[in-house]
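All values derive from a computational prediction rather than experimental measurement. In each ligand, atom 1 is the first atom listed, and ligand 1 is the first ligand listed. Throughout, residue positions are numbered sequentially from 1 according to the sequence presented.
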Amino acid sequence: MQEQLKELNQVAVNAIASTDNLDELDKLRVKYLGKKGELSQILRGMGKLAAQERPAVGSQANVVKEEVQQNLEQRKQALQQAKIAAQIEAETLDVTMPGVNRPLGRVHPLNGVVDRVLDIFVGLGYTVATGPQIETDYYNFEALNTPKDHPARDMQDTFYLPGGNLLRTHTSSVQIRYMENNEPPIRIIAPGRVYRRDTVDATHSAVFNQVEILAIDQGLKFTDLKGTIKEFLQRMFGDELPVQFRTSYFPFTEPSAEVDVQWKGKWLEVMGCGMVDPNVLKAVGYDPEIYTGFAAGFGVERFAMVLHQIDDIRRLYNSDLRFLNQF
Ligand code: 2U9
C-alpha cells in the first residue's frame, strides 16, 4: 500500500507538471484527490491492514495528499500568470506601426455659404421654409405677377414636364405657398435648388442654388429692406463693406433694386430685392392696404465664387477633390 501511495504521488506530480491548461489541471485534481479519486480508492483498502500498520500509512497518505495539493496550486498559479502574460503580449499596441489614413470629409463650399446665410437670418428672426422643385405654372409665375405673355418669362425660361408642370425657376414659389397657409407678420428664408434653360458657361448653370428672404408686416418700408440687406452683406463680407442699391425691375417687386458690393476694388452685383408687388399680396389674399413687405434673392454659387475667388461655376459641381480639398 505504501508502494501504491508512492507511485500515485509520482504519477500525479508528473501529470501536473506536464499539463499546460487550467481545465486539464482541474480534471487532474478530481482524478487524484476527488471523492472518487485515486487516493480515496487506495485508502479504502486501509481496512484490510493490520492495526499497527495503519498510522504509518495514514500519515503517508496525508503527506502525499499535501504534496499533490501543493503541486496543483503552484501549477495553477504558474498557468494563470502565463495566461495573463500571453494576453498582455497579444494586446500590446505597437506605436511605431504606420497609421491607417482615414480622410476626413468636410462641408462643400456651397453648403458652407448656405449655412452662414441661414445662421445670419435665423439670428434676425427668420424661419427656414422649403418646398417642391416641381411646380405648377401658378406658383412659379402667375401668383408672382408674371402672367403667360409677360416678357420676364423669357429670362426665366425653364424645363417643362408633360402635363404643364415645370421645374421651379426661383424659390419664390415656396414663399407663395407659405403665405397661403400663414398670416402676417411673416419672416421667412427659402434656400433651394432652381432651374433655368441656360447655356452653361463659366458663370451660368441650368441648375443652381438660390436663397430668398421675405418679410411681410404692417408698416414695412424700403428703409427696412435696405437696413436688412446691408446688415446681412456686412456680416457676410465684412463690417466696412460699401453697399449700393441701383434701381431695377422684377415683376414681383415694386420698386425693385439690384445690390452691389465693393469687393477687391470693383463694384460687384450680388443680389436683387424690392418691396413686394401689391398684386402678389392680393394673390395670396392679403390686403395690400394693410400689409407691405420686402423680398430679396441671390444665387448661392455667385456668393461662393466671390467669397472664395472661384473662376468657374462648374468647379462647384465636378466633385474634384483637388478643388474641394482647398476649403
Ligand atoms: C415673393 C415676392 C417677391 C424675390 C426676389 C430677386 C429680387 C432677385 C435673383 C438674384 C440672382 C435671382 O438667383 S438669381 O438669378 N433674384 O433679384 N428675388 S426680389 O422676390 C420675391 C420673392 C417672393 C412672394
Side-chain angles (χ1 to χ4, degrees), residues 110 113-114 117 121 126-131 135 138-146 150 152-158 167-198 203-217 220 222 224-226 228-229 232-233 245-261 268-286 288 291-306 313 316:
L110 280 178
V113 168
V114 174
V117 170
F121 279 103
Y126 285 69
T127 299
V128 180
T130 54
E135 267 301 358
Y138 177 78
Y139 284 111
N140 195 79
F141 290 124
E142 292 278 340
L144 286 149
N145 199 32
T146 317
H150 199 289
R153 285 212 182 193
D154 281 352
M155 274 192 303
Q156 297 196 22
D157 201 5
T158 185
L167 296 180
R168 67 183 182 193
T169 60
H170 41 207
T171 60
S172 317
S173 46
V174 174
Q175 339 245 46
I176 296 293
R177 289 175 179 279
Y178 188 92
M179 287 194 285
E180 281 184 345
N181 295 313
N182 295 272
E183 285 301 307
I186 280 172
R187 304 278 188 278
I188 50 173
I189 177 160
R193 188 177 291 177
V194 300
Y195 303 80
R196 293 194 185 174
R197 225 199 63 189
D198 222 337
T203 53
H204 295 86
S205 168
V207 185
F208 65 105
N209 292 272
Q210 266 194 348
V211 173
E212 287 193 356
I213 60 149
L214 175 75
I216 311 279
D217 212 332
L220 284 181
F222 200 82
D224 299 310
L225 167 62
K226 281 185 83 175
T228 303
I229 297 291
F232 161 61
L233 289 173
F245 290 75
R246 273 180 297 109
T247 60
S248 186
Y249 172 82
F250 302 109
F252 31 78
T253 48
E254 182 63 33
S256 306
E258 227 122 13
V259 189
D260 305 335
V261 297
L268 284 181
E269 183 187 317
V270 290
M271 59 196 295
C273 64
M275 301 307 289
V276 177
D277 194 289
N279 286 341
V280 174
L281 297 176
K282 279 187 216 156
V284 294
Y286 292 175
Y291 297 113
T292 55
F294 61 77
F298 64 86
V300 178
E301 282 80 349
R302 183 152 175 71
F303 260 57
M305 288 171 80
V306 172
I313 196 169
L316 291 165

Identify the closest protein heavy atom to atom 2 (C) of ligand 1: which residue and atom is it, and at what distance?
-> Leu144 CD2, 4.0 Å
the protein heavy atom lying closest to atom 22 (C) of ligand 1 turns out to be Glu212 OE1, 3.3 Å
Of the backbone atoms (N, CA, C, O) and the side-chain heavy atoms from C-beta on, which set of Ser248 has a member under 4.0 Å from an atom of ligand 1: side chain, backbone, both, or neither?
-> neither
For atom 5 (C) of ligand 1, what is the nearest protein heavy atom, given as residue, atom name and distance?
-> Phe252 CE1, 3.6 Å
Close approach, Arg196 and ligand 1, non-hydrogen under 4.0 angstrom = yes
Are there more than 12 heavy atoms of other residues, nucleotides or ligands under 6.0 Å from atom CZ of Arg246?
-> yes
Does a side-chain heavy-atom distance below 4.5 Å link Asp198 with Phe208?
-> no
Under 4.0 Å to a heavy atom of Cys273 - the qualifying atoms of ligand 1, by number = 7 (C), 19 (S)
Verify, without hydrogens or angle tests, whether Tyr286 (side chain) and Met179 (backbone) share a donor-acceptor contact under 3.5 angstrom.
-> yes
With respect to atom 14 (S) of ligand 1, which of Met275, Glu301, Gln210, Glu269 exhibits the smallest heavy-atom separation?
-> Gln210
Tell me, please: is Met179 in heavy-atom contact with ligand 1, that is, under 4.0 Å?
-> yes
Checking heavy atoms under 4.0 Å, the part of His170 that sits near ligand 1 is neither
Plane angle bin for His150 and Tyr249 - parallel if under 30°, tilted between 30 and 60°, otherwise perpendicular | parallel
Without swapping roles, check the side chain of Gln210 against the backbone of His170 for a donor-acceptor pair under 3.5 Å.
-> no
Check whether NZ of the Lys or CZ of the Arg Arg177 lies under 6.0 Å from the centre of the six-membered ring of Tyr139 and within 45 degrees of that ring's axis.
-> yes
Look at atom 3 (C) of ligand 1 and say which protein heavy atom is nearest, naming residue and atom and giving the distance to 0.1 Å.
-> Ala295 CB, 3.5 Å
In the protein, which heavy atom is nearest to atom 10 (C) of ligand 1, and how far is it?
-> Gly297 O, 3.3 Å
Within less than 4.0 angstrom of ligand 1, does Val194 place any heavy atom?
-> no
Geometric class of the Phe245/Phe222 ring pair [parallel <30°, tilted 30-60°, perpendicular >60°] | perpendicular
Determine, using ring centers only, whether Phe232 and Tyr126 are less than 6.0 Å apart.
-> no
Between Phe298 and ligand 1, which part of the residue brings a heavy atom under 4.0 Å of the ligand: side chain, backbone, both or neither?
-> backbone
